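The next block holds one structure in the form of structure tokens; read it before the comments.
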Amino acid sequence: MEKLKEKNLKALLNFLQKEFPLVSEPFKILAEKFGLEENEIIDFLKDLKKRGIIRHFGATVDSYKLGYITCLCATSIPEEKIESAYEIAKLPEITHAYLREHELNFWFTIITKSEKDLEDFCKKLEEKFQIKIKLFPAIKKFKVKAVFEI
């Protein structure tokens with residue numbers, strides 16, 4: 001990525017967050033706009049993902065419009081069993097997960113098709129990991145556009 005100077009790099013990353021072209025060949029459009037080759041941009045993004053600088057590159061869908069529900073959950077996991085948190089976080093029903101310094105030291109968001117599926121899923125987690133999960137269902141949904149200016 002020798003062509004990418006720091007200023008262009010920042011401009012590219014900011015552009016990707018706000019105005020990614022929704023066309024059949026988006027990287028061609030980006031390459032033309034930033035004076036690069038398509039493969040340079042793709043390789044650059046793969047490298048950022050590999051290095052853990054970006055976690056996700058893709059569309060974010062509205063799960064509610066697809067008929068799914070989400071719920072914020074929390075539990076207490078003893079320090080000696082903290083690997084359980086990592087195991088739970090890898091499950092496909094978990095969309096976000098993080099550890100906190102608090103009595104409820106593991107927080108996560110679950111996505112399921114129904115309230116019944118949510119109950120069943122939590123019950124299985126509680127039995128498997130010997131934990132008690134507290135549910136914090138949304139009372140009102142707020143959608144915040146997360147753009148991180150670079």
Side-chain angles (χ1 to χ4, degrees), residues 1-79 81-114 117-118 121-122 124-125 128-129 131 133-150:
M1 270 279 155
E2 295 144 20
K3 292 182 187 179
L4 263 182
K5 294 185 177 160
E6 189 173 326
K7 184 178 179 184
N8 282 349
L9 174 64
K10 290 177 183 179
L12 172 62
L13 291 173
N14 287 332
F15 188 86
L16 289 172
Q17 293 182 78
K18 297 176 191 174
E19 304 176 56
F20 188 82
L22 298 176
V23 296
S24 60
E25 295 181 299
F27 295 102
K28 183 176 183 178
I29 302 293
L30 292 168
E32 290 169 6
K33 178 168 180 57
F34 290 93
L36 300 164
E37 299 295 324
E38 289 177 76
N39 67 317
E40 286 181 294
I41 294 173
I42 293 167
D43 290 345
F44 170 67
L45 293 172
K46 284 180 179 178
D47 181 59
L48 291 180
K49 177 100 167 93
K50 181 181 172 184
R51 292 173 34 209
I53 295 171
I54 59 175
R55 287 183 284 158
H56 172 78
F57 184 78
T60 302
V61 297
D62 187 334
S63 56
Y64 291 98
K65 288 183 179 177
L66 294 175
Y68 287 85
I69 62 164
T70 61
C71 186
L72 177 63
C73 304
T75 190
S76 297
I77 298 180
E79 190 65 37
K81 293 185 178 182
I82 208 69
E83 67 278 352
S84 299
Y86 300 107
E87 203 174 321
I88 293 169
K90 291 179 183 178
L91 296 171
E93 295 87 354
I94 307 299
T95 61
H96 300 82
Y98 52 97
L99 293 169
R100 292 185 60 191
E101 290 186 24
H102 185 271
E103 179 183 332
L104 297 171
N105 63 346
F106 182 54
W107 290 70
F108 52 100
T109 306
I110 298 174
I111 183 168
T112 60
K113 194 73 173 154
S114 68
D117 290 345
L118 175 65
F121 182 76
C122 288
K124 286 177 187 173
L125 288 180
K128 180 176 180 177
F129 296 100
I131 56 176
I133 297 172
K134 294 183 184 269
L135 303 179
F136 300 93
I139 296 169
K140 184 174 182 180
K141 184 179 173 191
F142 295 91
K143 197 66 180 166
V144 178
K145 184 175 181 178
V147 174
F148 303 97
E149 284 291 326
I150 299 172

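This is a predicted model, so every value here is computed, not measured.
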Return the [atom1] to [atom2] distance between [X] and [Y], rounded to the nearest 0.5 Å.
X	Y	atom1	atom2	result
K134	E103	NZ	CD	7.0 Å
I110	I88	CD1	CD1	9.0 Å
F121	C71	CZ	SG	11.5 Å
D43	E37	CG	CD	11.0 Å
I77	F129	CD1	CZ	8.0 Å

Residue set satisfying side-chain hydrogen bond (donor to acceptor under 3.5 Å, both in side chains) with T112, at least two apart, ordered chain then number -> none
Say whether, by atom type as modelled, one donor and one acceptor occur between the side chain of K49 and the main chain of R55 under 3.5 angstrom.
yes
Quick one: does T75's side chain have a donor or acceptor within less than 3.5 Å of a partner on F106's backbone?
no
Looking at side-chain heavy atoms only, is the closest gap between [X] and [Y] below 4.5 Å?
X	Y	answer
I42	K46	yes
L91	L125	yes
S84	I131	no
I111	I69	no
L48	F57	no
L30	F15	yes
I82	N105	yes

Not counting sequence neighbours, which residues clear side chain to side chain contact (heavy atoms under 4.5 Å, CB included) with [X]? List them please.
X	result
K113	Y68, D117
K128	E87
Y64	D62, T70, K141

Give the intermediate values and the outcome of side chain to side chain contact (heavy atoms under 4.5 Å, CB included) for residues L45 and I41.
CA-CA 6 Å; L45 293 172; I41 294 173; 4.1 Å; yes
Review item, side-chain donor-acceptor pairs of residues 95-102, under 3.5 Å, at least two apart:
{"from": "H102", "atom 1": "ND1", "to": "L104", "atom 2": "N", "distance (Å)": "2.8"}

If I compare all heavy atoms of I133 with all of C122, which pair ends up nearest, and what's the gap?
CD1-O, 3.8 Å
Contact summary for F136 and A74, nearest pair of heavy atoms:
CE1-CB, 3.8 Å
Counting only heavy atoms not in Y86, do more than 12 fall under 6.0 Å of its OH?
no
If you count every heavy atom of other residues, nucleotides or ligands that lies below 6.0 Å from E83 atom CD, does the total exceed 12?
yes
Evaluate the ring planes of F27 and F20, with Trp represented by its six-membered ring, and classify them as parallel (under 30°), tilted (30 to 60°) or perpendicular (over 60°).
perpendicular
Residues at least two apart in sequence or cross-chain that pass salt bridge (charged side-chain N to carboxylate O under 4.0 Å, His left out) with K18, listed by chain then number, are E149
